[in-house]
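Data first, discussion second: the structure below is written as structure tokens.
Scope of the values below: all heavy atoms of this structure, side chains included, with no hydrogens, waters or symmetry mates. Order of listing sets the numbers, starting from 1, for every ligand and every atom in it.
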Amino acid sequence: MITHEQCCYWDEEDELKHLKDEFVLPEGVVYLDGNSLGARPKKSLAYAQHIIQQQWGEDLINSWNKADWWGLPTRLGDKVGQLIGANAGETIISDSTTLNLFKVLSAAVKIQAEKYPDRKVIVAEKEVFPTDIYIIEGFIDLINQGYRIELINGADDLAEVLASEVAVVVLSHVNYRTGYLYDMTDINRQIHATNALVIWDLCHSVGAVAMDLNQSESDFAIGCTYKYLNGGPGSPALLWVNAKHTEKFWQPLSGWWGHKKPFDMAQHYQPADSIRRYLCGTQPIISMSLIECGLDIFLKTSMQKIRAKSLKLTDLFIALVHQECAEFGFELITPLDHHDRGSHVSYRHAHGYEIIQALIARGVIGDYREPEVLRFGVTPLYLGFEDIWQAVQQLKAIMLHNEWKNESYLVRAAVT
Ligand SMILES: *Cc1c(COP(=O)(O)O)cnc(C)c1O
């Protein structure tokens, strides 16, 4: 039996508890949606003011050099790199995850086409965040060279699909719905055994699980900075390329920011010799700058410590729902095995949408994903054990008192 006192004790013992003070969260809210939009680092407000007032207002165009706006994509890329096992100079921040997938997919397919022209299959997962499939479909249609997409259910299908002429495999490191976590090293080995290349979508894993892109011999990676990394709504995304591929090709959005000598204003494109070739055009400097506030909090600790706390918190969540809410019909769809679990916990329930609305009304913010999935994101930097206790108590109260039956909760908002 887990008690409230026990949860409070775990909070006292928690080595990371002081990091909660680095964030602003509304009073009385348990925020379990940091895997969708991370909380705001306290420093971001003063930093935004500095950028707008000083860098933009006073220093004006000098800031491209003086504040190194020009170097921001790689400078912040190197900070993110420390969380994902990248070496300096391998990561950039730019554009969105969706756009970055288009870039790395183009590069991976081009690299493969030179070596293995008959390989025409791009593999993705059926249950992936759909933007990945949309981009692959759009890319296949655009290049019109006989490529096709093969959708798999998960790791178990990989061996079978790899027997066909696979060029590239696109996988979500942590599944956005179930929280299933792939073993990056093992999967890369399987994919490379057939000479295919891998692109990892890190949206639900960067800042949540420890990983090492180089040691696991990954090929390409992309991911959001506004989720676990707390970069702010729509903050530009990360893009990583294994150094062995960087100079093999560039990408078709060959804009001037990726040019070898952008300020020569040369008539023809020549890619930069570095990861900067994955840049396209002028970046949203204010939004990008703010990512640093979140990253600097991560760099005060380690992904190993964050991961350890994340597993304790998700274990607690699962145990408490089992203890307190067993009779209410929640079906856990997140793996119990630590090896297979990311940093969110999901349940299926026929009234999932209404239950989430009722929880939000009680100050517990989780989210709902079709079909029938209640999703609870666990962010170890600003969540404690007692927060999890409170969240499950509120869930229990909503179920006991049928609060979710309020008709207004049936009305779907534009953004769920
Ligand atoms: C959030 C998310 C995206 C969204 O990318 P944007 O381009 O930022 O809208 C892509 N893939 C996964 C797995 C995600 O979770």
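- The Ser172 neighbourhood of ligand 1 comprises atoms 13 (C), with distances under 4.0 Å to a heavy atom of that residue.
- Of the heavy atoms in Thr98, both backbone and side-chain atoms come closer than 4.0 Å to ligand 1.
- Residues Asp219 and Ala196 approach most closely at OD2-O, 4.5 Å, considering heavy atoms.
- In this structure, Lys120 forms a cation-pi arrangement with Tyr147, its terminal cationic atom sitting closer than 6.0 Å to the ring centre and no more than 45° off the ring axis.
- Partners of Arg177 according to the salt bridge (charged side-chain N to carboxylate O under 4.0 Å, His left out) rule, which considers only residues two or more places apart in sequence or in another chain, are Glu127.
- The proximity of Asp132 to ligand 1, defined as any non-hydrogen pair under 4.0 Å, is limited to the side chain.
- At the shortest separation from atom 11 (N) of ligand 1 among protein heavy atoms lies Asp201 OD2, 2.8 Å.
- Residue-environment remark: CH2 (Trp56) stays at or below the threshold of 12 foreign heavy atoms within 6.0 Å.
- At a heavy-atom distance under 4.0 Å, atoms from both the backbone and the side chain of Thr97 approach ligand 1.
- Taking a cut-off of under 4.0 Å to the non-hydrogen atoms of Thr131, the atoms of ligand 1 that pass are 10 (C).
- Atom 8 (O) of ligand 1 has Tyr226 OH, 2.7 Å as its closest protein atom, hydrogens excluded (heavy atom only).
- Heavy-atom contacts of His204 reach the following atoms of ligand 1: 15 (O) (cutoff under 4.0 Å).
- Only one option out of Ile92, Ile93, Thr91, Leu279 pairs with Thr74 in a side-chain contact (heavy atoms from CB on, under 4.5 Å); it is Ile92.
- Of all atoms in ligand 1, numbered sequentially from 1 with element shown, those under 4.0 Å from a heavy atom of Lys227 are 1 (C), 2 (C), 3 (C), 14 (C), 15 (O).
- Of the residues listed (Ile222, Ile136, Leu142, Asp95), the one engaging Phe102 in a side-chain contact (heavy atoms from CB on, under 4.5 Å) is Leu142, and it is the only one.
- Less than 4.0 angstrom separates some heavy atom of Ser96 from each of these atoms of ligand 1: 7 (O).
- The ring-ring contact (aromatic ring centres under 6.0 Å, His included) with His351 is formed by just one residue from the set Tyr368, Phe330, Trp404; it is Trp404.
- Within the listing of ligand 1, atoms 2 (C), 3 (C), 10 (C), 11 (N), 12 (C), 13 (C), 14 (C), 15 (O) sit less than 4.0 angstrom from a heavy atom of Cys203.
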*asked:* Phe263 vs Trp70, test: ring-ring contact (aromatic ring centres under 6.0 Å, His included). Steps then yes/no.
replied: CA-CA 12 Å; Phe263 297 100; Trp70 181 251; 5.1 Å; yes
